[in-house]
> 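Below is one structure. I have some questions about it.
Numbering of ligands and ligand atoms starts at 1, following listing order. It should be emphasised that the depicted structure is a prediction, and the values quoted were computed from it without experimental measurement. Atoms considered below: every heavy atom in the structure, side chains included; atoms not considered: hydrogens, waters and symmetry mates. Count residues from 1 along the sequence.
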Amino acid sequence: MLQIDQLTKKFGPNIAVDSATISVPEPAMIGIIGRSGAGKSTLLRMINRLSDPSSGRIVFDGRDITTLSGADKRRWQSECAMIFQQFNLVPRMDVVSNVLHGTLNRRSTLATMFNLFPSEDIHRAIDILDRLGIAAHGAKRAEALSGGQQQRVAIARALMQDPHIILADEPIASLDPMNAQVVMQSLRSIHEEDGRTVIANLHTLDTARRYCDRVIGMRDGRIVFDGRPDQLTTGAARDIYGADDSFNEAYTSTEIQTLDRVSA
Ligand SMILES: Nc1ncnc2c1ncn2[C@@H]1O[C@H](COP(=O)(O)OP(=O)(O)O)[C@@H](O)[C@H]1O
Ligand SMILES: [Mg+2]
């Protein structure tokens, strides 16, 4: 399905991603972990073609994604929707319209200018919001919602594109533990129920362990771990985070204990 071969990104003399090779033969829920600067965001941005690789290849269902340009590249970008830490919604616009913006790439400029959305799209947007438990907020401005609700609106907007892949760059980094749990569960159910691949950059190991079937650890641009959560030993975590404070931070995170208390 998705095959990433020797993908590399250089910024001047710095190598942000160094020969990353990842094979995703069937829909999966993958967590990418690693300390700040490890190359996680750069890797996701290359998969989405927001950033051009220096070398290497991305292939999806036999199609070479690396060489796409123009309309083909935009089509790919809607097939692998991206979600960000800061939600990237239009704050003063209502929730349903924010979700409908997920269909912009297939609408004419004129229809877009006048906010003319087909009624079937509006119904679909409301159904998606309903599924994510936030349909009641559909008419509110996005800025009136909590962070966790806003992130679910961003997920709804992504789903509007009916993507094969959802790329989430630190989707819960700005959220409190309770909202973080709801957002991760939403992503998990999108993977399980729809068979979409979710690849999420996560800053704590606990979250990756809890929600993902596969964990990829990056350090200094390289993939230093790729396996099941139960294979992620303390030693492997130390390889990913190094043996200093950032290891302790990632490893002894209280996040999960808080989550367990909340859900108990
Ligand atoms: N646009 C850019 N220009 C120059 N260097 C960059 C750019 N984006 C990222 N980098 C560098 O690439 C490395 C990886 O960054 P990034 O992918 O953001 O890591 P992470 O998401 O794991 O924190 C870092 O050293 C960062 O400084
Ligand atoms: Mg990042």
> Should G34 be listed as contacting ligand 1, given a heavy-atom distance under 4.0 Å as the test?
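No.
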
> Say whether G39, considering both its backbone and side-chain N or O atoms, lies within less than 3.5 Å of an N or O atom on ligand 1.
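Yes; at least one N/O pair falls below 3.5 Å.
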
> Short check: is a protein heavy atom less than 4.0 Å from atom 26 (C) of ligand 1?
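Protein heavy atom within 4.0 Å of atom 26 (C) of ligand 1: absent.
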
> Counting only heavy atoms not in R131 (residues, nucleotides, ligands), do more than 12 fall under 6.0 Å from its CZ?
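Result for CZ/R131: enclosed.
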
> Evaluating non-hydrogen atoms only, which member of A16, S41, S36, G221 is closest to atom 12 (O) of ligand 1?
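Nearest option to atom 12 (O) of ligand 1, by heavy atoms: A16.
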
> Hey, are D72 and R75 close enough for a salt bridge, meaning a charged N less than 4.0 Å from a carboxylate O?
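Result for this pair is yes, salt bridge flagged.
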
> Of all the atoms in ligand 1, which lie at a distance below 4.0 Å from a heavy atom belonging to A38?
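Counting from 1, the qualifying ligand atoms are 19 (O), 20 (P), 22 (O).
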
> Of all the non-hydrogen atoms in the protein, which one sits nearest to atom 14 (C) of ligand 1, and at what distance?
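Protein heavy atom with the smallest distance to atom 14 (C) of ligand 1: G37 O, 3.4 Å.
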
> Could K40 and D169 be called an ion pair, given the rule that one side-chain N must be under 4.0 Å from one carboxylate O?
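Judged by the 4.0 Å cut-off on N to carboxylate O distance, K40 and D169 do not form a salt bridge.
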
> Do you see a donor-acceptor pair shorter than 3.5 Å between the side chains of D206 and T204?
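The criterion, which ignores hydrogens and geometry beyond distance, is not satisfied for T204 and D206.
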
> Could you tell me whether R222 and D220 make a salt bridge, using a distance below 4.0 angstrom between a side-chain N and a carboxylate O?
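Judged by the 4.0 Å cut-off on N to carboxylate O distance, R222 and D220 do not form a salt bridge.
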
> Please check if any side-chain donor atom of D18 sits under 3.5 Å from a side-chain acceptor atom of T8, or the reverse.
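Distance-only check fails for D18 and T8.
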
> Going by distance alone, is a donor N or O of one side chain under 3.5 Å from an acceptor N or O of the other, for S55 and Q6?
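S55 vs Q6: no donor-acceptor pair found between side chains.
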
> Which residue and non-hydrogen atom of the protein lie closest to atom 16 (P) of ligand 1, and at what distance in Å?
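Here the closest protein heavy atom is T42 OG1, 3.6 Å.
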
> With a cut-off of 2.8 Å, does any N, O or S atom of N201 fall short of it relative to the Mg ion (ligand 2)?
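Not a single backbone or side-chain N, O or S atom of N201 is under 2.8 Å from the Mg ion (ligand 2).
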
> Which one holds for R35 and ligand 1: side chain close, backbone close, both close, or neither close, with close meaning a heavy atom under 4.0 Å?
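The answer is the backbone.
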
> Can you find a protein heavy atom under 4.0 Å from atom 19 (O) of ligand 1?
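True for atom 19 (O) of ligand 1.
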
> Specify the protein heavy atom at minimum distance from atom 2 (C) of ligand 1: its residue, its atom name, and the distance to 0.1 Å.
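Its nearest protein heavy-atom neighbour is F11 CE2, 3.3 Å.
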
> Any link between L159 and V99 through a network of hydrophobic side chains (Ile, Leu, Val, Met, Phe, Trp, Tyr) touching at under 4.5 Å?
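Yes, because L159 and V99 connect within a single hydrophobic cluster, where side-chain heavy atoms sit under 4.5 Å apart.
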
